[in-house]
Amino acid sequence: MKTNPQLSPPDAPTDAPARRKAYRTSRKREMTRAFKEEAFERAAWTVFSTLGLDAATVRDIVSLSAVSPGSFYNYYKTKEKIFDILLIKVADRVRTVVQQSRCPTDNLDMMLTRSNQAVLRELISINGAPRFFELNQHHIRARLFTMKETRDMLEDLKQNILRLMPVESISPDRLSFIAATLLTMGLESLLYMARNPLLDIEQISGLSGSMAAGNVRGAIAFLCNPPPEH
């Protein structure tokens, strides 16, 4: 009985073009880019902390960075873009220290006091941060609640409010409003410290934490027992 011989695959044509390798950025190029971005962001932070976003120009940032204008426009395009990047990095730092400051045994007052204290300590430790927030507060307010990083902080805060102030029913939009109000109060505390740098952080944190906790209790009491309509 004869068996069919196995068919071997056809030979590849000798004139087939070689496959092009995927482009990979060299390590040296990546390091150069990282170095330039760091120089631009350091310079931008200094400019925004002394002049503010409105008065600052791209030329100010480039001049202080000692990197070429072409690289700036290649990486960022506008001064607003690099401002947003700096604000996101600050928000990430704030979220991290707030998460680290919280303890499962905290009550509402302590949780909010610890959070405020951690934020104030972290931001005041950053060179120029109080002035950065004071000079650019209208831009920060305009951007704050559109940032993913802020939404993440608000979600953390809402979960902690529900954990420490259990209620039978509270609508998501009402809870979001309460959390956003607390975040705004935290920003006001920072701006107050920026204008009065000799104030004691622990006292301001305790005051703002107690006020915030009182607002939460009052809001939840109102929602659970609304006043009768006239």
Side-chain angles (χ1 to χ4, degrees), residues 84-126 129-130 132-134 136-194 196 199-230:
D84 291 345
I85 290 172
L86 293 174
L87 195 57
I88 287 170
K89 289 187 175 184
V90 170
D92 280 334
R93 289 181 64 163
V94 166
R95 187 185 183 203
T96 298
V97 298
V98 166
Q99 289 176 325
Q100 293 172 348
S101 72
R102 289 172 179 162
C103 177
T105 59
D106 285 345
N107 57 29
L108 182 66
D109 297 68
M110 186 58 68
M111 185 271 288
L112 293 172
T113 296
R114 285 179 185 270
S115 297
N116 286 334
Q117 188 177 89
V119 171
L120 291 176
R121 288 192 182 282
E122 178 69 14
L123 293 181
I124 289 177
S125 73
I126 302 173
F132 175 88
F133 277 83
E134 186 176 15
N136 302 292
Q137 57 182 286
H138 51 299
H139 293 293
I140 293 169
R141 292 179 196 278
R143 289 164 164 78
L144 193 61
F145 292 101
T146 65
M147 295 165 49
K148 175 186 179 299
E149 292 72 20
T150 303
R151 293 194 296 270
D152 291 340
M153 283 191 282
L154 289 173
E155 286 303 316
D156 294 342
L157 186 53
K158 287 190 286 187
Q159 292 303 315
N160 278 280
I161 292 172
L162 290 176
R163 176 175 62 86
L164 297 172
M165 293 290 293
V167 291
E168 291 184 3
S169 176
I170 182 171
S171 64
D173 62 315
R174 297 293 188 272
L175 183 59
S176 294
F177 175 76
I178 292 172
T181 302
L182 296 182
L183 193 65
T184 302
M185 288 183 66
L187 177 59
E188 294 302 328
S189 297
L190 175 62
L191 294 173
Y192 187 71
M193 287 292 298
N196 303 274
L199 291 176
D200 185 81
I201 290 179
E202 291 188 7
Q203 288 186 353
I204 295 301
S205 301
L207 177 61
S208 59
S210 296
M211 291 173 61
N215 285 348
V216 173
R217 292 192 184 92
I220 290 178
F222 175 85
L223 293 172
C224 291
N225 301 284
E229 295 183 0
H230 295 288

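Predicted model, so just to flag it, every value in this text is computed and none were measured.
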Should the heavy atoms of other residues, nucleotides or ligands under 6.0 Å from CE of M185 be counted, would the total exceed 12?
-> yes

L112 side chain reached by I161 side chain, heavy atoms, under 4.5 Å | no

Give a yes or no on whether F145 atom CZ has more than 12 heavy-atom contacts from other residues, nucleotides or ligands under 6.0 Å away.
-> yes

d(I201 CD1, I124 CD1) to nearest 0.5 Å is 4.0 Å

Working to the nearest 0.5 Å, report the span between CG of L87 and CZ of F133.
-> 6.5 Å

Heavy atoms of D156 and R102 approach each other most closely as CB-NH1, 3.8 Å

With a 4.5 Å heavy-atom cut-off, do V90 and L86 have their side chains touching?
-> no

Evaluation steps, side chain to side chain contact (heavy atoms under 4.5 Å, CB included), between T96 and R93 | CA-CA 5 Å; T96 298; R93 289 181 64 163; 5.8 Å; no

Does R217 come within less than 4.0 Å of D109, counting only side-chain N to carboxylate O?
-> yes

Got a second to check how far E134's CD is from I140's CD1, nearest 0.5 Å?
-> 10.5 Å

Of all the heavy-atom pairs spanning S208 and N116, show the shortest one and how long it is.
-> OG-ND2, 3.0 Å

Indicate yes or no for a side-chain donor-acceptor contact from N196 to the backbone of L199 under 3.5 Å, with no hydrogens or angles considered.
-> no

Residues I178 and A219: closest non-hydrogen pair is CD1-CB, 3.9 Å

Would a distance-only check, ignoring hydrogens and angles, find a side-chain to backbone donor-acceptor pair under 3.5 Å from E122 to V119?
-> no

Pairwise side-chain hydrogen bond (donor to acceptor under 3.5 Å, both in side chains) hits with a residue in residues 175-191, at least two apart = R141-E188, K158-S176

Closest heavy-atom pair and its distance - S101, R114 | O-CD, 3.3 Å

Side-chain contact, heavy-atom cut-off 4.5 Å: M153 with V98?
-> no

Shortest non-hydrogen separation from I126 to P130 and the atoms involved | O-CD, 4.1 Å

Given the rule in the side chain to side chain contact (heavy atoms under 4.5 Å, CB included) test, do R163 and N160 qualify, once you have shown the distances and angles that lead to the verdict?
-> CA-CA 5 Å; R163 176 175 62 86; N160 278 280; 2.7 Å; yes

Euclidean distance, K89 NZ relative to E149 CD, rounded to 0.5 Å | 11.5 Å

Looking only at heavy atoms, which two atoms of I204 and L120 are closest? And how far apart?
-> CG2-CD1, 4.1 Å

